[in-house]
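Whatever order the structure lists them in is the order used to number ligands and atoms, beginning at 1.
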Amino acid sequence: MGVSSKKTISVIGLGYVGLTTAVGFGLKGYKIIGVDLDKEVIAKINRGLSPIYEEGMEEALQDVEVTATLDYGEVLGSDISFLCVHTPANSDGSVNLDYLRGAVLQLVDTLQAKEGPHLMVIRSTVVPGTTEGVLLPLIKDRPNLQICVNPEFLREGKALNDFMNPSRIIIGENNAQAGDWLYEMYQSFNCPILRTDLKTAEMIKYASNAFLATRISFINELGNICKKLGIDIYRVAEGMGHDERIGKSYLAAGIGFGGSCLSKDLEALMAQSRSLGYEPGILREVHRLNQEQPRRLIELLKKHLSPKGKTVGILGLAFKPGTDDVRESRAIPVVEALLQEEARIKAYDPKAIPHFKRLFPRIEYATLEEVLKSDAIIILTEWPEFERVDYKGKVVIDGRRLSKAKEASVYEGICW
Ligand code: UGA
């Protein structure tokens with residue numbers, strides 16, 4: 001296909017969702033204009049470098065036509081804009097819409113210069129009712145502008161693969177023509193496409209993440225009980241998982257869920273529910289259990305060693321393997337608790353040290369070999385390289401179930 005024959009779309013916000021959306025549609029043959037506020041991010045993308053650590057992203061960037069820019073004016077070269085800007089949490093857990101509102105207003109302003117139709121697609125995660133109640137009013141005087149909701153289900157570290165091979169595509173619409181437009185774009189993806197109203201699409205995203213979080217807290221609670229009974233929770237999960245109605249995924253017991261999405265979305269849904277006068281009991285407990293797991297890990301450590309003045313080695317700072325992201329990583333509450341216990345901390349992670357350093361500049365960061373010399377070792381992320389370590393003769397408290405770690409002379413798993 002000649003360059004000029006490609007259709008152009010624009011993507012606003014080039015974080016992991018935006019970049020993945022941009023590169024994913026790029027691989028599908030679209031020409032992409034990416035807009036972001038961060039000059040460094042733009043410079044990197046334009047040099048073919050990925051600003052985030054994401055499997056396959058840098059290679060894919062070589063194969064696509066993506067131009068990153070600070071200038072909203074470039075959006076005029078496209079008819080569809082995917083909005084992927086951050087929607088961070090307010091202190092009460094509710095969603096901060098400042099960036100998203102700002103981006104929609106900027107678009108509305110920029111698109112003054114356009115007469116033909118333009119579709120804005122909300123990919124950012126917003127609580128049910130937001131698009132209808134907050135964003136649609138911003139375009140009410142502009143009949144050529146339309147909005148759809150199209151939540152993403154991209155796992156960090158596997159985002160590009162999840163984009164290209166989605167389990168489902170959700171299109172929230174208040175206008176069938178706008179929905180048709182987006183439906184057309186997703187025709188070549190081999191998965192069910194569900195069309196709903198705007199707020200149902202928004203809720204599907206929250207319901208999905210809340211359900212994943214619930215499975216994890218459920219299996220962690222069962223694991224806490226099984227540990228007391230001397231039962232292996234991983235065998236229990238295996239036995240449960242053979243039941244098609246239950247399935248195997250998200251039943252790996254351990255220190256709990258981290259990352260920017262599961263906790264944040266759970267809290268946002270709880271905040272919305274409370275604002276409507278309904279106390280969300282299950283969600284509240286899912287969240288509470290997740291907060292408690294790190295404390296349980298410290299208690300297990302204290303069974304074997306008094307942390308004060310001792311060197312405690314931490315293996316894993318990223319919230320999961322395959323990413324350098326430390327947002328809501330379970331390593332954060334563990335390090336905070338160890339500092340309170342006046343332990344000396346030595347930490348290692350193959351990718352996430354620079355990000356963790358910004359949160360905890362004063363703890364010691366060391367090589368894997370150095371960390372292994374600590375008085376006790378705590379495992380918080382199941383990086384494959386931690387399965388190749390010799391743990392013999394060591395005190396190990398495991399939050400992630402590494403099979404090799406069981407060779408330690410003192411071994412204690414959080415749920416097993
Ligand atoms: C999550 C969802 O899985 C995606 O579908 C969703 O699109 C994304 O949030 C989002 O809202 O953008 P992600 O945050 O990348 O994706 O993380 P997951 O791979 O789901 O893992 C979350 C946490 O749960 C990790 O800390 C992981 O270690 C933990 N986990 C996962 C467990 O403790 N046990 C499990 O069995 C599975």
| query | Quick one: does Y250 get an N or O within less than 3.5 Å of an N or O on ligand 1? | reply |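 N/O-N/O distance below 3.5 Å exists for this pair.
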
| request: May I ask you to check if ligand 1 and F257 share an N or O to N or O distance below 3.5 Å? | output: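 No; the residue has no nitrogen or oxygen that sits under 3.5 Å from a nitrogen or oxygen of the ligand.
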
| query | More than 12 foreign heavy atoms under 6.0 Å from CD of E279: is that the case here? | reply |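 Counting neighbours around CD of E279, more than 12 heavy atoms of other residues, nucleotides or ligands fall under 6.0 Å, so yes.
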
| query | Is R288 salt-bridged to E292, going by a charged N under 4.0 Å from an acidic O? | reply |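 Result for this pair is yes, salt bridge flagged.
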
Relative to ligand 1, is [X] under 4.0 angstrom through side chain, backbone, both or neither, heavy atoms considered?
| X | value |
| --- | --- |
| K205 | side chain |
| R215 | neither |
| Y16 | side chain |
| D162 | neither |
| I255 | neither |
| L154 | backbone |

| query | Does NZ or CZ of K7 fall inside the cone over F25's six-membered ring, less than 6.0 Å from its centre and within 45° of the axis? | reply |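 The answer is no, since K7 fails at least one limit relative to F25.
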
| Short question: side chain of S50, backbone of I45 - any donor-acceptor pair under 3.5 Å? |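 No, because the side chain of S50 does not come within donor-acceptor range (under 3.5 Å) of the backbone of I45.
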
| message | Check whether H287 reaches the backbone of E267 with its side chain - one donor and one acceptor, N or O, closer than 3.5 Å. | response |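 No.
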
Going by the order shown, which atoms of ligand 1 are within less than 4.0 Å of some heavy atom of [X]?
| X | answer |
| --- | --- |
| R400 | 26 (O), 28 (O), 33 (O) |
| L251 | 36 (O) |
| E156 | 15 (O) |
| F153 | 5 (O), 7 (O) |

| message | Ignoring hydrogens and geometry beyond distance, is a side-chain donor-acceptor pair present between T125 and T87 at under 3.5 Å? | response |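 Looking only at side-chain atoms, T87 and T125 do not form any donor-acceptor pair under 3.5 Å.
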
| query | Can you find a side-chain donor-acceptor pair between S208 and R168 that sits under 3.5 Å? | reply |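 Short answer, yes.
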
| task | Kindly say whether the aromatic ring centers of F386 and Y391 come within a distance under 6.0 Å. | result |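 No, the ring centres sit 6.0 Å or more apart.
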
| Nearest heavy atom to atom 1 (C) of ligand 1: which of T125, L262, T20, N220 does it belong to? |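 That would be L262.
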
| request: Consider ligand 1: state whether an atom of it lies below 4.0 angstrom from any non-hydrogen atom of G258. | output: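 Per 4.0 Å heavy-atom rule, G258 contacts ligand 1.
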
| said: When you measure from the heavy atoms of G256 to every atom of ligand 1, does any distance fall below 4.0 Å? | reply: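 It does; at least one heavy atom falls under 4.0 Å.
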
